[in-house]
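Letters A, B, ... mirror the listed sequences (proteins, then strands); counts begin at 1.
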Amino acid sequence: MQKATSVGTGMAKFQELDAKWQQAWRDVKLFEAEPDKRPKFYLTVAYPYVSGPMHVGHGRTYTVPDVIARYKRMRGFNVLFPMAYHFTGTPIVGAAKRVARREPEFVKVLTERYGVAESELSEFENPHHFAAHFARESDLSYRKGMEWLGYSIDWRREFTTVDPHYQKFITWQYRKLYDAGLIVKGKHPVKWCPRCGNPVTDHDLLEGEGVGIVEFTLLKYRAGEYILPAATLRPETVFGVTNLWLNPDVKYVSAQVGSERWIVSEQAVEKLRQQGYSVEEVSPIRIDFSWEVEVPLTHKHVSILPAKFVDPESATGVVGSVPSHAPYDHVALLELQMHPEALKPYGISPQAVAELKPISLIEAEGFGESPAIDVVNRMGIKNQTDPKLEEATAEVYRNEFAKGRMREWVSKYGGMPVSRAKLAVRDDMLADNEAATIYEFSAKPVVCRCNTPVTVKIVEDQWFLNYADEGWKEKARGCLARMDLVPPETRGQFAHTINWLHEWPCTRNIGMGTPAPWDPKWMIESLSDSTIYMAYYTIVHILKTIDPAKLTDEVFDYVFHGKGDAALISSTTDIPQETLEQMRREFEYWYPLDYRMSANELIPNHLTFHIFHHALIFPDRCPRGIVSFGIAVLEGEKMSSSKGNIIAINEAVRKYGADTVRLYLMSTVEPWQDLDWRTNEVEAMQRNLERFYSLAESIIVPPAAKRPSFAQPERWMLSRLQEHIRVATEALDAFETRKAAQHVFFQLMHDLRWYTKRARQPKARTHMLKRVLEVWLRLLAPFTPHICENLWERMGGSGFISAAPWPKVEEGLVDKGAELIESYLRRVLEDVGKILRVTKVKKPKRVCLYVAQDWKWQTYRIAMKRVGEGKVDLGALLREIGETLGLRLHKSDLSKFLQQTVKELRGMPSEELEILETIETDELQILLEAADFIREQLNVKEVRVFKADDAARYDPQDRARLAVPMRPAIFIE
RNA sequence: GCGGGGGUAGCCAAGUCAGGUCAAAGGCGCCAGAUUUAGGGUCUGGUCCCGAAGGGGUUCGCAGGUUCGAAUCCUGUCCCCCGCACCA
């Protein structure tokens with residue numbers, strides 16, 4: 001059976017077109033960008049981290065800049081769109097390790113899903129090989145995917161972040177930062193696997209993904225020579241301590257910590273060591289519950305009481321009791337007070353326990369004296385093993401932290417919001433050596449892939465980028481203020497991030513990357529080496545021709561800052577002077593970057609770093625704008641590439657063709673919205689494109705007619721075309737790919753269908769369709785370049801459509817009157833259709849249309865004028881019309897009609913009113929001309945049109961009286 | 001908690017800044033008709049409810065308010081999503 005589409009087996013055909021045109025572009029180096037006289041447009045998108053295949057999310061991320069690049073090129077810009085690969089970082093190293101361990105699940109994904117041969121596995125133990133494979137080698141790789149999608153990338157500038165040239169560039173940059181005093185040394189807690197001897201990232205975890213590290217303050221309670229360090233998240237509550245809790249079932253030890261003698265749970269010892277405490281000489285100790293301890297800061301003396309809820313695994317196993325504000329403490333105390341016999345084994349006086357009263361030190365709106373007691377009572381919690389206590393604690397903490405204030409009696413901190421007092425108390429106590437710090441996971445367990453429990457380790461010697469530096473922040477703010485942000489809502493996020501960002505650890509001791517120039521045992525961390533590489537793109541293709549050993553700081557200083565003398569640098573480095581000058585010219589031509597594109601989840605780090613580093617290194621060449629993308633999901637579900645449940649974009653391209661995938665990705669949502677890949681919609685898109693292709697062919701094939709005269713349908717079509725050009729242009733200028741694609745594909749298709757139905761003269765039609773197609777192809781070219789190139793060639797367009805000029809709106813062809821007439825006809829057809837449906841008449845014999853009589857039209861026009869002017873005095877208007885028309889007989893008809901008319905006109909938007917006013921419409925003429933068309937559309941034998949007051953009209957039901965201007969009365973037989 | 005985004009018909013999603021053309025674009029799905037009639041493709045029409053004449057009713061998370069008029073403005077309220085770092 002013959003297929004309606006002449007694409008034949010459409011899919012195969014599209015793939016052929018893809019390959020053909022990609023080769024053609026390559027052959028003429030169409031996308032290799034060199035500085036010239038044209039205005040430039042330079043855009044980049046975050047280079048991919050090549051830890052796996054390119055999936056549909058990446059497809060969207062990279063198609064947006066390509067569409068924009070193609071659009072700008074057609075607008076006459078010299079466009080630079082480069083691409084590179086990010087190798088730096090731990091996940092690739094982690095993946096290689098997983099291969100080395102032959103983790104079955106991962107190996108399975110690699111071999112069965114990602115097409116890696118078993119025999120090659122050993123090579124994938126090398127992280128560099130792993131990355132290179134997914135960067136360029138694999139059929140699922142980024143390079144292939146991007147080529148198959150027809151991206152207009154200048155591939156000469158491709159590089160990886162571990163290339164020696166790039167490392168020279170990073171070294172240059174980091175020496176600058178170091179010299180500026182923005183690299184500072186410090187320590188910070190990391191997740192650490194004792195067995196691997198390495199920090200671990202979430203990717204390396206078997207269990208505990210997403211678990212955070214929280215900072216506890218250790219309050220130093222003193223008991224003679226001993227110190228009992230009680231861990232708390234709320235140091236400000238020290239003023240409400242009534243006693244200390246220890247768990248009688250726990251093994252406690254006494255340990256020499258620095259110059260102090262600490263008592264902690266046995267489990268805490270290793271933790272303290274990991275966290276940089278020098279712990280020596282540990283011996284078991286029996287807790288004597290008769291001790292009194294001195295509370296730090298307040299110097300009160302309190303007793304030690306037994307409590308089961310105290311967890312030896314959590315922090316130090318020593319806990320201070322603040323019953324007024326900690327539900328656990330309140331319940332534990334209550335239990336002891338109700339069961340004094342439990343105190344006997346410990347030799348504690350029940351009398352003393354009974355006298356313990358909660359001390360309230362925080363007031364919070366919506367709570368009474370003691371929030372902890374309120375909440376415990378409300379939840380009906382009776383004992384300290386009740387799991388609801390967690391929730392109660394969270395509720396009290398949340399409310400007190402957010403809304404609480406320290407009570408006035410609390411010396412020094414009285415009246416302070418809890419959120420501030422917490423830090424103030426902590427800092428004061430730390431300064432006086434009355435407290436220390438310990439880190440703990442926010443949830444347990446956390447287990448490394450090697451099946452070892454992960455601990456918190458304090459890494460000493462860590463190097464930080466000092467984003468806390470106020471001067472730097474100020475520069476970044478200045479840069480931000482000058483930038484165009486898409487979508488604009490992201491501005492607040494950026495501003496907030498600049499304020500909030502502080503020291504960022506910029507070195508790591510594992511993974512691939514560039515050694516820190518001032519301390520080469522460390523590697524520059526992967527986000528930190530990706531902040532200004534957009535500048536590197538401008539010269540990389542030239543740099544590649546130079547021996548990296550020659551790339552001294554002087555070279556980069558010259559190229560990027562114009563510092564020094566080219567001839568001199570040439571003589572010391574042996575780089576030809578012309579080469580140096582050429583690089584300088586390239587940089588000066590392309591920089592600043594016009595738009596940076598990346599995922600909006602990178603605003604809190606990468607994108608803001610990008611601003612910081614530019615503000616410092618290229619203060620006069622800050623990027624002009626940032627576009628932030630949404631994420632992508634699959635059939636409404638999240639993707640996971642480590643589990644292999646992704647749609648590899650390369651496979652999708654092979655299956656549906658590049659243009660189908662591109663248009664789908666661009667037309668469903670705007671770039672900053674979340675994309676949902678739905679297979680059935682992609683398939684529908686493919687059919688749509690095939691339909692478009694065969695429609696285009698059917699337009700191209702018949703020989704062109706000489707320019708015939710245009711009638712209403714032609715005028716309408718041309719006017720609509722202008723509208724689509726206008727909207728698409730505006731949309732693409734604002735990165736609204738969806739809006740643009742909707743107009744240039746779907747809406748234009750709709751209009752063209754209407755036109756083909758409406759067109760009466762075959763010659764005019766052939767001519768018009770060709771004329772529309774010529775524009776249409778150019779409008780679609782950024783989205784579906786392969787198909788458009790092919791059709792462009794077929795219809796004899798000159799050169800590549802990729803290099804053709806973008807269509808311009810021809811104001812002279814905008815014809816609001818023509819548009820009004822068509823929407824009028826549509827309305828008439830709709831009304832008739834509605835009547836047919838309601839009356840369930842299937843095959844009408846005859847349709848009669850009655851156009852409003854002159855007096856109604858005259859009234860209408862006068863009313864229109866008055867309404868357009870603003871206020872309407874119905875009475876005055878009535879008199880005015882009565883006088884003008886000299887009508888007496890239908891006074892009541894007139895007033896009724898006028899009322900309706902005014903109401904209707906008032907509801908009309910002023911724009912439409914204006915058009916109506918200015919355009920001479922002869923309704924009768926319009927309908928007479930369109931009668932044939934209406935007859936065809938309704939599939940009736942006869943359509944008759946009358947004036948409503950035509951005495952000779954055929955009107956058995958006297959419908960004509962219902963006629964109103966722009967709404968003819970209808971009679972159906 | 002802090003910061004950001006969002007709730008529109010079966011699903012996705014425009015429309016909200018600049019109130020009226022909005023029963024609300026477009027896509028998907030579904031239904032019907034047409035097609036030298038394959039349950040495929042293509043084309044046409046329909047797709048909140050009622051209606052044998054183009055009409056009426058009820059809708060845009062929920063509750064109020066402003067207005068001749070509210071999906072759009074204001075107030076309150078409920079719910080959902082994302083980020084909060086050392087890492088891509």
### Task
Using a 4.0 Å heavy-atom cut-off, write out nucleotides 52-59 of chain B from 5' to 3' as B (base contacted by protein), S (sugar-phosphate only) or - (no contact).
SBBS----
Interface polar pairs with nucleotides 4-7 of chain B, N/O, under 3.5 angstrom:
from, atom 1, to, atom 2, distance (Å)
B/G4, O2', A/Q493, NE2, 2.8

### Query
Mapping A/H496 and A/E503 to their closest nucleotides on RNA chain B, which lands nearer the 5' end?
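The 5'-side residue here is A/H496.
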What's [X] touching, base or sugar-phosphate or nothing? Going by heavy atoms closer than 4.0 Å.
| X | value |
| --- | --- |
| A/I631 | nothing |
| A/H606 | nothing |
| A/K422 | nothing |

### Query
Counting only Watson-Crick or G-U wobble pairs whose two distances fall under 3.5 Å, which nucleotide matches B/U37?
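The answer is none; no pair meets the criterion.
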In terms of side-chain heavy atoms, does [X] have a donor or acceptor partner in [Y] at a distance below 3.5 Å?
| X | Y | value |
| --- | --- | --- |
| A/R596 | A/H606 | yes |
| A/E489 | A/W672 | no |
| A/S530 | A/H86 | yes |

### Query
Does a salt bridge link A/E670 with A/K739, judged by any charged N lying under 4.0 Å from a carboxylate O?
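No, this pair does not count.
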### Query
Do NZ/NE/NH1/NH2 and the carboxylate oxygens of A/R687 and A/E690 come within less than 4.0 Å?
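Here A/R687 does not pair with A/E690 in a salt bridge, since their nearest N and O are not under 4.0 Å apart.
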Distances for protein N or O near nucleotides 29-33 of chain B N or O, under 3.5 Å:
none

#### Entry: C1' spacing across the pair B/U47 / B/A23, given as an integer number of angstrom
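Per the computed distance, 12 Å lies between those C1' atoms.
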### Query
Can you name the side chain to side chain contact (heavy atoms under 4.5 Å, CB included) partners of A/K834, sequence neighbours left out?
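Once residues adjacent in sequence are excluded, the partners of A/K834 under the side chain to side chain contact (heavy atoms under 4.5 Å, CB included) criterion are A/R837.
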#### Entry: A/N688 side chain near B/C28 phosphate (N/O to OP1/OP2, under 4.0 Å)
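Yes, such a contact exists.
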### Query
Within 45° of the six-membered ring axis of A/W754 and under 6.0 Å from that ring's centre, is NZ or CZ of A/R826 located there?
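Judged by the rule (NZ or CZ under 6.0 Å from the ring centre, within 45° of its axis), A/R826 counts as positioned above A/W754.
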### salt bridge (charged side-chain N to carboxylate O under 4.0 Å, His left out) against A/R967, all qualifying residues, sequence neighbours excluded
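By the salt bridge (charged side-chain N to carboxylate O under 4.0 Å, His left out) rule, A/R967 matches A/D831.
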For nucleotides 11-15 of chain B, which of its nitrogen or oxygen atoms have a protein nitrogen or oxygen under 3.5 Å away, and what is each distance?
from, atom 1, to, atom 2, distance (Å)
B/A14, OP1, A/Q673, OE1, 2.9
B/A14, OP1, A/Q673, NE2, 2.2

### Query
Side chains of A/L465 and A/F609: closer than 4.5 Å at any heavy-atom pair?
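A side-chain contact is absent here, since even the closest heavy-atom pair is not under 4.5 Å.
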### Task
Compare all side-chain heavy atoms of A/Y656 with those of A/L689 and state whether any distance is below 4.5 angstrom.
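No, every pair of side-chain atoms sits at 4.5 Å or beyond.
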### Closest nucleotide among B/G45, B/A25, B/U42 to the A/Q747 side chain
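Shortest atom-to-atom distance from the side chain points to B/A25.
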